[in-house]
Amino acid sequence: MAIAMSKILSCSVKECAYNVNDKCHTLAITVGDGSHPACDTYCYSKNQAKGGAPDVTGGVGACKTDACKFNKSFECAASGINVGPHGGHADCRTFAQR
Ligand code: SF4
Ligand code: SF4
Ligand SMILES: [Zn+2]
């Protein structure tokens, strides 16, 4: 069965190299460990150098947070996710405890 990739609807972590205008511009991110839905692809860009591709809207390539009710076999089955800051890193804000 094909799985549609969950898109990143918004990300407010402006200091990430892949963030331009609150959108994620890398093809696919990896999220989390078992219980903490951090964006593993987050890349702090001190001088605001930007990477990724401007015409790409990122999706969730894989998510390891199986405590989330949207997680199916370590993939994200949400229709889309929002990402925001948590301490010095980025978290999936669509996370919902099972
Ligand atoms: S923190 Fe994650 S979701 Fe946000 S722009 Fe960076 S790589 Fe994309
Ligand atoms: S919504 Fe849940 S399954 Fe999808 S990326 Fe976020 S934490 Fe992972
Ligand atoms: Zn966090």
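Nothing here was measured: the structure is a model prediction, and the numbers come from that model. Just so you know, ligand 1 is whichever comes first in the structure, and atom 1 is the first atom listed for that ligand.
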- Item | Salt bridge present between K64 and D40 (N-O < 4.0 angstrom) | yes
- Near ligand 2, which protein residues have a heavy atom under 4.0 Å away? P37, C63, C68, F70, N71, C76, I81, C92, T94, F95
- Query: What distance do D22 atom CG and C11 atom SG have between them, rounded to the nearest 0.5 Å?
  - Reply: 7.5 Å
- So, D91 and H36: side-chain donor and acceptor under 3.5 Å apart, yes or no? yes
- Query: When you check the side-chain N and O atoms of N71 and T65, is any donor under 3.5 Å from an acceptor?
  - Reply: no
- Give the numbers and elements of all ligand 1 atoms closer than 4.0 Å to a heavy atom of C16. 1 (S), 5 (S), 6 (Fe), 7 (S)
- Note on the structure: For A90, the ligand 1 atoms with a heavy-atom partner under 4.0 Å come out as 1 (S)
- Message: If you count heavy atoms of other groups shown closer than 6.0 angstrom to NZ of K50, is the number above 12?
- Response: yes
- Query: How about C11: does one of its N, O or S atoms come closer than 2.8 Å to atom 4 (Fe) of ligand 1?
  - Reply: yes
- Query: Which residues, ordered by chain and number, are linked to V56 in its hydrophobic cluster, where ILVMFWY side chains connect at heavy-atom gaps below 4.5 Å, directly or through other members?
  - Reply: L27
- Fit a plane to each ring of Y44 and Y42, take the angle between them on a 0 to 90° scale, and name the class: parallel (under 30°), tilted (30 to 60°) or perpendicular (over 60°). tilted
